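A short write-up of the structure that comes next.
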Amino acid sequence: MSDLALQPTQASEDVHAAGHDDHGSHDDHGLVHATSTGLSNNKLGMWLFLGSECLLFGGLISTYMLYRGRHSANLGPDQIYDIPFTSVSSFVLLMSSLTMVLAVTSAQRRDERRMNLWLTITALLGATFVGGQVYEFTSFYHEGLGFTTSLFGSSFYTLTGFHGVHVTVGIIMLMALVGINKRGRIPGDRAEVVELVGLYWHFVDIIWILIFTLVYLIPS
Amino acid sequence: MTIIERPSLTPVVAGSGVSVGVKPSQAYGSLRRPVSSTGWRSWVFTVDHKKLGIMYGAVAMFFFLVGGVEALLIRAQLAGPNGTVLSAGLYNEMFTMHATTMVFLFVMPMAAGFANYLVPLQIGARDVAFPRMNAFGFWCFLFGGIFLNTSWVLGGAADGGWFMYQPNANALFSPSHGIDFWGLGLQITGIASLTGALNLIVTILNMRAPGMKLMKMPIFTWMILVVQFLLVFAIPVITVALFLLMFQRAFGATFFDVGAGADPLLWQHLFWIFGHPEVYILVLPSFGIVSEVLPVFSRKPLFGYRFVVFSGAAIGFTGWGVWAHHMFASGLGPVSVAVFSMSTMLIAIPTGVKIVNWTLTLWGGKLWFTTAMMFAIGLIVEFTIGGLSGVTHAVAPSDTQQTDTYYIVAHFHYVIFGGAVLGIFSGFYYWWPKIFGKRLSEKIGKWNFWVTIIGMNLTFGPMHIIGLQGQPRRMMNWTEARAGEGFFNLGFWNRVSSSGAFILACGVGLFLINVIVTTRKAEKAPLDPWDARSLEWMTSSPPKEHNFDSIPVVHSLDEFFHRKYEENHETGELTKVATAEEVLADLEAHADAHIHMPSPSYWPIVLALALPIMGYGIIFSRILIVVGGLLVLLSMFAWTLEPSVADDTDYDPPGDPRADDGGPTKELATHV
């Protein structure tokens with residue numbers, strides 16, 4: 001029998017079934033598991049998910065770009081957008097990326113108080129953005145642009161609505177993170193869990209930069 | 001003795017140094033974690049990739065029969081002139097649901113079943129990266145499939161054809177709820193595919209056994225990896241399309257309404273940007289299967305392993321650049337048509353490379369014609385026929401003539417049945433002893449193969465002739481007066497095709513008989529019945545819950561083969577140096593002392609159940625959306641707060657996991 005092929009394999013005393021870190025590599029004995037790529041399963045999974053999300057927004061943005069010019073004479077992008085207002089709410093959302101970074105750094109420094117603080121501020125900034133979007137939708141609606149008024153309206157509300165839902169889901173994740181953390185129940189590597197939510201949050205912000213540029217800034 | 005150990009109550013020391021005791025039972029209130037390893041609970045709440053793989057396979061097989069009955073009804077309608085088996089409306093529903101069922105509820109989940117079961121075993125892992133997400137994916141698929149099919153009794157199934165072209169699928173032309181069910185059902189099964197894909201990619205990239213470089217991975221795992229990448233990027237595109245469709249049908253948007261100035265071509269683009277990669281999603285897993293089967297039964301390594309890997313990846317990439325060949329007849333303009341014509345011809349090259357590699361694997365091999373091998377060779381032949389008629393579609397002028405005729409139907413059935421389905425059957429016969437510990441009868445298997453092959457060629461072969469004669473696909477009946485004369489008489493070939501369909505059904509029936517006969521048979525299969533080459537055969541059959549007693553260290557491609565055989569470098573002769581039993585005994589001798597496996601959970605199935613509830617809500621009553629939404633929120637939080645490994649207190653009675661208390665088995669595996 002070939003010796004080479006039959007060397008004792010992994011004689012370690014305590015081998016976890018690689019792969020039960022379903023949620024934030026839950027780890028009973030504080031052991032770190034090496035993965036083949038060096039990236040943790042959760043982080044790799046999150047990156048792939050965000051890659052998939054790119055195509056989702058790609059489809060929605062394409063739909064909007066196709067239909068942005070199809071509206072009645074007085075209810076098009078040029079008449080209806082309030083660029084200064086949306087610029088401010090965009091700025092608020094972008095700032096939330098900064099506070100998210102601060103939350104991740106605090107989590108890595110194990111400064112729990114600051115981490116909770118920055119997470120809360122990020123969620124509040126996100127909520128301000130969503131509030132701005134609700135205000136914007138309401139005022140557009142009062143100006144006469146409903147969801148079914150024109151193809152422009154349908155595709156605009158669909159695209160920005162999908163983004164708004166993503167921000168809202170992000171806010172729920174941030175608040176849940178603070179809540180669960182206060183009860184000391186984030187399993188596994190806490191800094192990584194915060195970082196994962198951060199990845200998602202930054203992604204949503206980057207998508208907004210695209211949407212803001214393509215939808216609001218480029219004149220039709 | 002190997003003990004599958006449950007963690008003790010020792011507080012977890014988190015990275016911060018603050019001790020955080022995770023007490024899972026708190027997450028349930030009075031509910032206990034479903035830890036039993038026997039009975040129906042052990043299946044419904046399982047997170048074991050092997051059980052989930054078997055369930056994927058069983059449910060997909062069920063939907064195969066459903067789709068098959070739908071196909072038989074279509075062929076019965078067309079068996080004679082002026083068919084009266086189905087009404088026109090029912091006929092539309094039948095061909096729509098036949099295709100939808102076969103694509104989304106049979107071939108995709110069947111491939112997911114194979115991947116779920118085999119990938120962790122092939123890469124030397126003990127489970128997938130996210131076991132609960134895996135369970136969630138399966139339940140999404142099952143509930144999505146059931147949801148889709150409840151449309152039959154809730155006002156009629158979808159009737160717009162499987163690609164649901166717009167504006168034909170608008171509420172104006174299809175007023176029943178069928179298409180709403182279709183859209184929402186595919187969203188739910190889409191979630192299954194997406195979560196499954198994320199899970200398998202992470203598993204394959206991150207959880208390979210020590211020494212298993214990417215280029216030492218079994219070829220099936222490679223093809224599955226390519227397919228999962230296709231899924232990750234294709235599913236969101238159809239998600240967008242289905243959302244637009246839903247907004248149009250349920251909320252009055254006009255995305256595809258020509259009257260409102262919309263472009264129905266948007267639907268076609270979105271659908272086929274998903275739809276063409278989908279073709280490769282269907283067929284690449286089977287390419288992986290036969291690439292495993294052919295070397296084993298030719299007693300040779302796979303010819304040009306690297307070429308097969310890279311041509312698979314090339315198909316994956318090029319598959320994104322050919323979608324508009326489904327739309328040549330829609331008036332895209334000469335430049336687009338020329339570009340997509342070229343790219344379609346190009347994609348035939350990597351596919352051809354594979355065919356050549358398989359053929360050269362057979363060349364000079366000591367062929368062993370088992371049923372698995374015969375199905376694999378059947379795939380090479382039948383898929384090549386489908387591939388060649390595919391190249392005729394790449395030529396745009398010829399395609400314009402063939403669009404929406406039976407010639408297209410002939411082509412994609414040769415590709416999907418001759419490619420994907422024959423590969424799946426080959427996989428059944430090859431891996432059955434691994435999965436169930438018993439070999440399927442070879443005698444019935446041969447009958448299964450020949451009846452299936454004759455049936456499929458009789459069914460789909462004549463469709464080439466029918467199609468070139470101009471019979472449109474989806475035509476609900478033909479008349480004797482317009483059937484034509486002589487050899488090209490449509491009536492004759494339609495009859496041949498219909499009788500072929502029933503022969504094909506007999507072929508599938510023989511497989512089911514084989515399964516029943518084999519299950520009743522007491523005889524166990526040997527550990528390594530085929531003299532196989534890859535890691536999944538390096539464990540007991542069926543494998544233990546934790547797959548491997550110790551994780552093998554991989555030194556070469558075809559690791560298992562190299563542990564059994566030594567090559568004389570001068571003569572090139574192989575000498576057997578170890579039996580499979582010896583290899584396994586060696587792994588068991590070095591068994592890991594403690595193996596932690598993820599524990600079962602309620603939440604995947606609860607979360608998945610919430611989705612069809614929301615689906616019914618969108619169609620019938622907004623209250624159900626709220627109910628479903630709350631259930632989603634509840635199960636997501638419960639899932640998050642639940643540790644992946646059960647706590648001792650979850651057992652009844654709690655305490656020493658080694659105690660033999662007759663309750664739920666805590667010693668999940670003992671060293672034999």
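Fair warning: this is a prediction, and the values are worked out from it, not measured in the lab. The basis for the numbers below is simple: all heavy atoms, side chains too, and nothing from hydrogens, waters or symmetry mates. So you know, we letter chains A, B, ... as the sequences are listed, proteins then strands, and number each from 1.
Of the residues considered (B:Asp263, B:Ile201, B:Asp257, B:Thr239), B:Asp263 shows the highest number of contacts with chain A, using heavy-atom pairs under 4.5 Å. Comparing B:Ala260, B:Ala262, B:Gly252 by how many heavy-atom pairs each has under 4.5 Å with chain A, the most go to B:Ala262. Comparing A:Phe57, A:Tyr157, A:Phe49, A:Trp47 by how many heavy-atom pairs each has under 4.5 Å with chain B, the most go to A:Phe49.
B:Asn134 does not touch chain A: none of its heavy atoms, backbone or side chain, sits under 4.5 Å away. For B:Leu244, the part lying near chain A is the side chain, with the backbone staying farther off; criterion is any non-hydrogen pair under 4.5 Å. For a residue to count as touching a neighbouring chain, one of its non-hydrogen atoms must lie under 4.5 Å from one of that chain's; by this rule B:Phe229 touches chain A with the side chain only. For a residue to count as touching a neighbouring chain, one of its non-hydrogen atoms must lie under 4.5 Å from one of that chain's; by this rule B:Phe637 touches chain A with the side chain only. Both the backbone and the side chain of A:Leu44 come within less than 4.5 Å of a heavy atom of chain B. A:Ser62 does not touch chain B: none of its heavy atoms, backbone or side chain, sits under 4.5 Å away. Of the atoms belonging to B:Leu194, it is side-chain heavy atoms, and not backbone ones, that fall under 4.5 Å from chain A.
Nearest heavy-atom pair across A:Leu151 and B:Phe255 is CD2-CA, 3.8 Å. Here the closest non-hydrogen pair linking A:Gly45 and B:Leu198 is O-CD2, 4.2 Å. Nearest heavy atoms, B:Thr254 versus A:Ser154: N-OG, 4.2 Å. A pairwise comparison of heavy atoms in A:Leu39 and B:Asn206 identifies O-ND2, 3.0 Å as the closest pair. Here the closest non-hydrogen pair linking B:Phe233 and A:Ser52 is CE2-N, 4.1 Å.
Residue B:Met636 qualifies as open at atom CE: its count of foreign heavy atoms under 6.0 Å is 12 or below. Around atom NZ of B:Lys213, no more than 12 heavy atoms belonging to other residues, nucleotides or ligands sit under 6.0 Å away. No more than 12 heavy-atom neighbours from other residues, nucleotides or ligands sit within 6.0 angstrom of OH on A:Tyr135.
Between B:Phe243 and A:Phe162, the ring planes are perpendicular. Angles over 60° get that label, and only those under 30° would be called parallel.
With values rounded to the nearest 0.5 angstrom, B:Leu266 atom CG is found 4.5 Å from A:Thr63 atom OG1. The distance from the CD1 atom of B:Ile273 to the CG atom of A:Leu55 is 9.0 Å, given to the nearest 0.5 Å. To the nearest 0.5 Å, the span separating CG on A:Leu48 from CG on B:Leu200 amounts to 11.5 Å.
Side chain of A:Arg70 to main chain of B:Gly261: a donor-acceptor pair is present (N/O by atom type, distance under 3.5 Å, no hydrogens or angles). Judged purely by atom type and a 3.5 angstrom limit, A:Ser36 uses its side chain to pair as donor or acceptor with the backbone of B:Arg208.
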